[in-house]
Amino acid sequence: MSSQISPHVRVRFAPSPTGYLHVGGARTALYNYLFAKKNGGEFILRIEDTDEARSTEESLRGVVDDLVWLNLLWAEGVDPVTLKDQGPNGPYKQSERMHIYKKIAEQLLNEGKAYYCFLTDAEIEQQREAQMKAGQQPHVQSPYADWTLDQAKAKMAEGGTAPVIRFKTKHLKKDYVLNDLVRGEVKFPSDMVGDFVLLRGGGMPVYNFCCVIDDHLMKMTHVFRAEEHLPNTLRQMMIYEAMGWQTPQFGHMALILDEDRQKLSKRKGAVACGQLKDEGYLPSAVLNFIALLGWSHPDGKEIMSVDDMIKAFDISRLNPSGAIFDRVKFKWMNSQHLRALPNTELWKAIQPFLAREKMELPSDPVWQDKSLNLFKPYMEILSDAIELYRPLNDNSYVILPEADEAMKWEATKAVLTAWKELVAAHPSDYMTEEEFLKIQDEVKNKTGAKGKNLFMPIRVAVIGKPHGAELKILVPLMKKSSLVARAEKALATIA
RNA sequence: GUUCCCAUCGUCUAGGGGCCUAGGACACCUCCCUUUCACGGAGGAUACAGGGGUUCAAAUCCCCUUGGGAACGCCA
């Protein structure tokens, strides 16, 4: 497990714009980013859009926006605003690098390291079934592997469906050894893979081919990616070898799994970064949480900023076993980040959520600050602000079923009546904490109710439920007129 | 099916031969704080998958078994 670091570290994140950024991808991006920052290197964004059918501009936009949201910014790649190429080693969109791939495919063809293959899908499927039945790993056995270029060209001249170009694995050495940065020595038998496609029938190159060429041409020194790419790495090592290029150092991180221990899949759609944002997670919490899914701080520190992570990041602490994405702990972690935020920033952060519910709250910064001090301990995710602030928003007072019991108590009616009258008689729009306590005391004297018999009905008359934030702080945040209206409404339900 | 990868509390993990009667965090339970609920604080319960080696000594190294995962594409 060598961790030799070459003088100038260059790493990349290479998403395919075929969906949204999911947490697995975000973590890959994060580790690459941390590694680059830790070593004073460069983090590059490359767009792997060779799947014409599934790649969309909209998806690229989404992925880029998500990376920007996470503040995982790149030195080269596409401009985050215009999505145009940016940097000295471009183009960074593979769809714009066709001429490069074609040239190299031709070179391999001429050197006899690749060949035109005319096998049809049906023939391949047949082989596959037969091999599976025989207990073998299904690999293409192409009868065209040993054809000369002239033979192939003659067949192409006849017309028919365009052939693919396959990489010839037959004459390669028996075993390949990968010194993986996270899992140590991995031995691959070369017959683990068959003759794989380099260029599709339409001339479009395929992932493994582009990846090697681009990593080499873009001077990548390290490649950190998910474990599912391990077999691809064998294919890629073969191409590096065929081209006489030096491989970058590879590190394959374990997968992030669903609760059912299966690979987190974007097809399941439950773990898109955009969705996390909508649910009210802070980017700093997302980063913090996913960082700890496969990596740990040497001091066991759990709550950290990206700067903390950069300082402590060390690939020797990357864990080779898979991790389940635990939403409960994730939520807790978000609450920790949220509480660390200054009130002014938190206020800004919750605005989109309050706006979503068309809530209008006082613009007084002192009021905002006080309300946040009160509600912060109740918030785990930003969207929690909605239900927290709703009671402070006029016209949204409802008595919840959980309040029923308190509303049935003997003293309740008297308490509510006294409360309503005393609040109505209050001289100003808002009351102070002291004034509230005084009124509460007067209600007690007037009705003889005490303890929860006193406290609960008032609480229900304020927020419609028997539990919640401290009344002496909550009440001063509410307008007198609103308090009176609520008390009346509460009274009406028991009358 | 074949190949590859992985294996410590329910979950994320620390540990890398003696410091381990295995540490931390989330969740859970109890108590404290609190005229409610949260927050906060103090405790508690819970794990080295199994079997063989190697060694004076194994959670740690090796092998096997078992379990889980991934890959086997003209997806990336």
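Atom set for the values below is all heavy atoms of this structure, side chains included, hydrogens, waters and symmetry mates excluded. Below, read A as the first sequence line, B as the second, and so on, with proteins coming before strands; counting in each chain starts at 1.
- B:rC20 sits 25 Å from B:rU11 when the P atoms are compared, rounded to a whole Å.
- Within 4.0 Å (heavy atoms only), A:G294 reaches sugar-phosphate atoms of the nucleic acid but no base atom.
- A:R166 comes within 4.0 angstrom of the backbone, heavy atoms only, and of no base.
- For A:Q262, the side-chain atoms get nearest to B:rG69 when compared with the rest of B:rU35, B:rG69, B:rC4.
- A side-chain donor-acceptor contact under 3.5 Å links A:E48 and A:Q94.
- A:F224 has its ring centre no less than 6.0 Å from the ring centre of A:F250.
- When both distances must be under 3.5 Å, the Watson-Crick or G-U wobble mate of B:rG10 is B:rC26.
- Across all strands shown, A:R46 has no heavy atoms under 4.0 Å from either base or sugar-phosphate atoms.
- When the P atom is compared between B:rA59 and B:rC9, the two are found 15 Å apart, to the nearest whole Å.
- Nearest nucleotide to the side chain of A:D121, out of B:rU35, B:rA71, B:rC74: B:rC74.
- One finds no side-chain N or O of A:R317 lying less than 4.0 angstrom from the OP1 or OP2 phosphate oxygen of B:rG16.
- As the counterpart of B:rU54, no nucleotide is assigned, since no Watson-Crick or G-U wobble pattern has both distances under 3.5 Å.
- The six-membered or imidazole ring of A:F13 lies away from that of A:F43, with a centre-to-centre distance of 6.0 Å or more.
- Among the nucleotides B:rU11, B:rA27, B:rG73, the one closest to any side-chain atom of A:R128 is B:rG73.
- Of the P atoms belonging to B:rG10 and B:rU3, the separation is 32 Å, rounded to the nearest Å.
- In the model, A:Y115 has a side-chain atom that pairs as donor or acceptor with a side-chain atom of A:D195 under 3.5 Å.
- We find that A:D441 and A:K438 are not joined by a salt bridge, their nearest charged nitrogen and carboxylate oxygen being 4.0 Å or further apart.
- Side-chain nitrogen and oxygen atoms of A:S296 include at least one within less than 4.0 Å of the OP1 or OP2 phosphate oxygen of B:rA14.
- Counting non-hydrogen atoms under 4.0 angstrom, A:E227 reaches a base of the nucleic acid.
- Residue A:V193 is classed as having no contact, given no heavy-atom separation below 4.0 Å to the nucleic acid.
- Contact annotation for A:H252: no contact, since no heavy-atom pair falls under 4.0 Å across all strands.
- The base of B:rA76 sits with one of its N or O atoms less than 3.5 Å from a complementary donor or acceptor on the side chain of A:N232.
- Counting only heavy atoms from C-beta on, A:S16 has its side chain closest to B:rA76 among B:rA7, B:rA76, B:rA27.
- Heavy atoms of A:A53 sit nowhere under 4.0 angstrom from any nucleic acid atom.
- A side-chain donor from one of A:R225 and A:T233 sits under 3.5 Å from a side-chain acceptor of the other.
- Ranking B:rC37, B:rA7, B:rC74 by closeness to the A:H467 side chain, first place goes to B:rC37.
- For the pair A:K113 and A:F167, the cation-pi criterion (under 6.0 Å, within 45° of the ring axis) is not fulfilled.
- Using atom C1' as the reference point in both B:rA45 and B:rC26, the two lie 15 Å apart (nearest Å).
- Under 4.0 angstrom from either OP1 or OP2 of B:rG69 there lies no side-chain N or O belonging to A:S321.
- In this structure, A:T50 reaches the sugar-phosphate backbone alone: every heavy-atom distance under 4.0 Å involves primed, P, OP1 or OP2 atoms, never a base.
- Under the Watson-Crick and G-U wobble criteria, each requiring two contacts below 3.5 Å, nucleotide B:rA71 is paired to B:rU2.
- For A:R327, no side-chain nitrogen or oxygen approaches OP1 or OP2 of B:rC26 to under 4.0 Å.
- When the P atom of B:rA25 is taken as reference, atom CZ of A:F289 falls 16 Å away, rounded to whole Å.
- With hydrogens and angles ignored, a donor-acceptor pair closer than 3.5 Å exists between the side chain of A:K329 and the base of B:rA25.
- Considering only the side chain of A:R339, B:rG40 comes nearest among B:rG40, B:rU36, B:rG10.
- Side-chain nitrogen and oxygen atoms of A:N319 include at least one within less than 4.0 Å of the OP1 or OP2 phosphate oxygen of B:rA14.
- For A:V164, whose side chain is taken as the heavy atoms from C-beta onward, the closest listed nucleotide among B:rA76, B:rU3, B:rC74 is B:rC74.
- In this structure, of B:rA25, B:rU35, B:rG68, it is B:rG68 that holds the atom nearest to the side chain of A:R261.
- Of the two residues contacting RNA chain B, namely A:G201 and A:P466, the nearest-nucleotide position lying further toward the 5' end is that of A:P466.
- A ring-centre distance under 6.0 Å is found for A:Y144 and A:F118.
- A:K376 comes within contact range of no nucleotide atom at all, as no heavy-atom separation falls under 4.0 Å.
- Using atom P as the reference point in both B:rU60 and B:rG15, the two lie 15 Å apart (nearest Å).
- When the nucleotides B:rC72, B:rA76, B:rA27 are ranked by their closest atom to the side chain of A:W332, B:rA27 comes out on top.
- At a cut-off of 3.5 angstrom, the base of B:rC37 holds at least one donor-acceptor pair with the side chain of A:Y378.
- Across all strands shown, A:M456 has heavy atoms under 4.0 Å from sugar-phosphate atoms exclusively, and none from any base.
- When each of A:P377 and A:D51 is assigned the nucleotide of RNA chain B bearing its nearest heavy atom, the one mapping closer to the 5' terminus is A:P377.
- With B:rG24, B:rA70, B:rG40 as the candidates, the nucleotide lying closest to the side chain of A:E228 is B:rA70.
- In this structure, A:E48 reaches the sugar-phosphate backbone alone: every heavy-atom distance under 4.0 Å involves primed, P, OP1 or OP2 atoms, never a base.
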